[in-house]
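Down below is the structure, laid out as structure tokens.
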Protein chains: 2
Amino acid sequence: MKRKSFEDMECPIARTLERVGEWWSILILRDAVRGSTRFDEFERNLGISPNILSRRLATLVENGFLEKRLYSVTPPRMEYLLTERGKAFRSVLFALTAFGNDHFADDGVALQVVNKRTGRPAKLVVVDARTGKPATGPNFELAPGPAASNAIRGKFGA
Amino acid sequence: MKRKSFEDMECPIARTLERVGEWWSILILRDAVRGSTRFDEFERNLGISPNILSRRLATLVENGFLEKRLYSVTPPRMEYLLTERGKAFRSVLFALTAFGNDHFADDGVALQVVNKRTGRPAKLVVVDARTGKPATGPNFELAPGPAASNAIRGKFGA
DNA sequence: CAGTATCCTGTCCGATACTG
DNA sequence: CAGTATCGGACAGGATACTG
């Protein structure tokens with residue numbers, strides 16, 4: 001993850017991947033969204049080595065996705081809580097879940113997003129909040145934003 | 001990406017990451033969505049080494065995200081086109097774009113999702129298609145699906 | 001229980017050189 | 001132009017042992 005450049009990292013996708021691009025980071029966040037807070041929980045649920053877990057938790061804290069909090073003084077015990085940023089990342093996790101279930105769940109759905117009240121599975125789509133229209137099909141595209149450099153602008157033909 | 005297990009890979013997120021978890025894969029897909037089709041285009045736009053690009057393109061084809069097509073016989077020229085699966089992955093890319101712009105674009109938005117007709121930037125949210133309600137807040141959660149193993153079920157407390 | 005410290009392997013990736 | 005071949009470095013990740 002020490003790639004030097006993708007358009008000098010102007011791209012929001014690249015910037016995000018730079019911080020949570022490691023395989024385990026996203027899975028740890030998934031588990032945190034699910035409710036895990038303690039080292040031991042992550043370790044068991046994910047089957048990750050403790051040294052790797054330690055590294056990944058540290059960078060997630062560094063990058064503002066998790067907050068490390070002392071929840072017991074004697075003995076000193078830490079818990080890892082989702083920050084607002086970490087919670088916001090749920091949208092990405094949900095999109096990944098929906099995509100994975102649509103494309104790689106030939107043997108059935110093992111994990112899904114459900115409506116907590118009704119208990120019914122949600123059918124997730126990404127929509128434009130302004131119009132409520134799904135951001136699929138040919139109506140939407142990626143395009144340079146106001147802060148795009150000329151380099152990006154050129155490559156995106158805008 | 002040769003992690004042996006995450007719940008035997010039942011998780012749709014893990015399954016997706018298994019296929020496109022490498023840093024470059026997602027960026028290549030991003031570029032394909034943007035319109036790139038040729039080796040040379042990807043290479044220039046991303047600043048990726050040709051050997052890596054070759055590997056990543058091959059696995060994206062293997063995993064059904066891209067299709068390799070001969071578009072010129074003499075000289076033999078290949079192009080890489082998004083499959084339906086590749087196009088569906090846009091939802092994840094859009095979610096990543098929205099998240100990245102919300103959290104890591106302190107210097108302005110360099111890349112965004114826009115409505116092609118109006119040219120206006122889209123404000124993207126993930127919603128439940130059934131109700132149209134945003135899948136944020138406490139109303140939605142990740143939960144085991146019908147095909148979840150007992151192992152998963154146990155860990156997810158359901 | 002909640003981690004840290006070591007050692008090792010795999011491979012992602014970058015740089016470069018080369019081919020039709 | 002569209003790639004393949006080869007080399008080397010960095011680091012993610014696995015296994016295991018150890019500490020308060």
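These figures come from a predicted structure and were not determined experimentally. Letters go in sequence order (proteins before strands), and every chain restarts at 1.
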- If you link ILVMFWY side chains whenever their heavy atoms are less than 4.5 Å apart, which other residues fall into the same cluster as B/L70? By chain and number, please.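 When side chains under 4.5 Å apart are linked, the cluster holding B/L70 also contains B/V73, B/M78.
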- Under the 4.5 Å side-chain heavy-atom rule for ILVMFWY, direct or indirect, which residues accompany A/V127?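 Taking Ile, Leu, Val, Met, Phe, Trp and Tyr as members, A/V127 shares its hydrophobic cluster with A/V125, B/V125, B/V127.
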- Message: Could you tell me the Watson-Crick or G-U partner of D/dG13, where both distances fall under 3.5 Å? Say none if there is no partner.
- Response: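 D/dG13 is paired with C/dC8.
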How many whole angstroms separate atom [atom1] of [X] from atom [atom2] of [N]?
| X | N | atom1 | atom2 | answer |
| --- | --- | --- | --- | --- |
| A/I48 | D/dG14 | CD1 | P | 7 Å |
| B/L46 | C/dC13 | CG | P | 12 Å |
| A/R44 | C/dC1 | CZ | C1' | 11 Å |
| B/L53 | D/dA5 | CG | P | 15 Å |
| A/L60 | D/dA12 | CG | P | 12 Å |
| A/E22 | D/dC11 | CD | P | 11 Å |
| B/E18 | C/dT11 | CD | P | 12 Å |
| A/I52 | D/dT16 | CD1 | C1' | 13 Å |

- Aromatic plane relationship, B/F42 with B/Y80 - under 30° parallel, 30 to 60° tilted, over 60° perpendicular: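 B/Y80 vs B/F42 ring planes: perpendicular.
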Under 3.5 Å, N/O pairs linking protein and nucleotides 2-4 of chain D:
{"unit_1": "D/dA2", "atom_1": "OP1", "unit_2": "B/R38", "atom_2": "NE", "d": "2.7"}
{"unit_1": "D/dA2", "atom_1": "OP1", "unit_2": "B/Y71", "atom_2": "OH", "d": "3.1"}
{"unit_1": "D/dT4", "atom_1": "OP2", "unit_2": "B/S54", "atom_2": "OG", "d": "2.0"}

- Would you kindly say whether A/Y71 and A/R38 are connected by a side-chain donor-acceptor distance under 3.5 Å?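 Per modelled atom types, A/Y71 and A/R38 side chains form a pair under 3.5 Å.
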- Query: Without hydrogens or angle criteria, can the side chains of B/E10 and B/S149 be said to hold a donor-acceptor pair below 3.5 Å?
  - Reply: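 Yes, a side-chain donor-acceptor pair sits under 3.5 Å.
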- Over all heavy atoms of both residues, which pair between A/G100 and B/T16 is shortest? Give the atoms and the distance, please.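 So the two residues come closest at CA-OG1, 3.3 Å.
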- Task: Output yes when at least one side-chain N/O atom of A/W24 is less than 4.0 Å from OP1 or OP2 of D/dG14, else no.
- Result: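 Yes, because at least one side-chain N or O of A/W24 sits under 4.0 Å from OP1 or OP2 of D/dG14.
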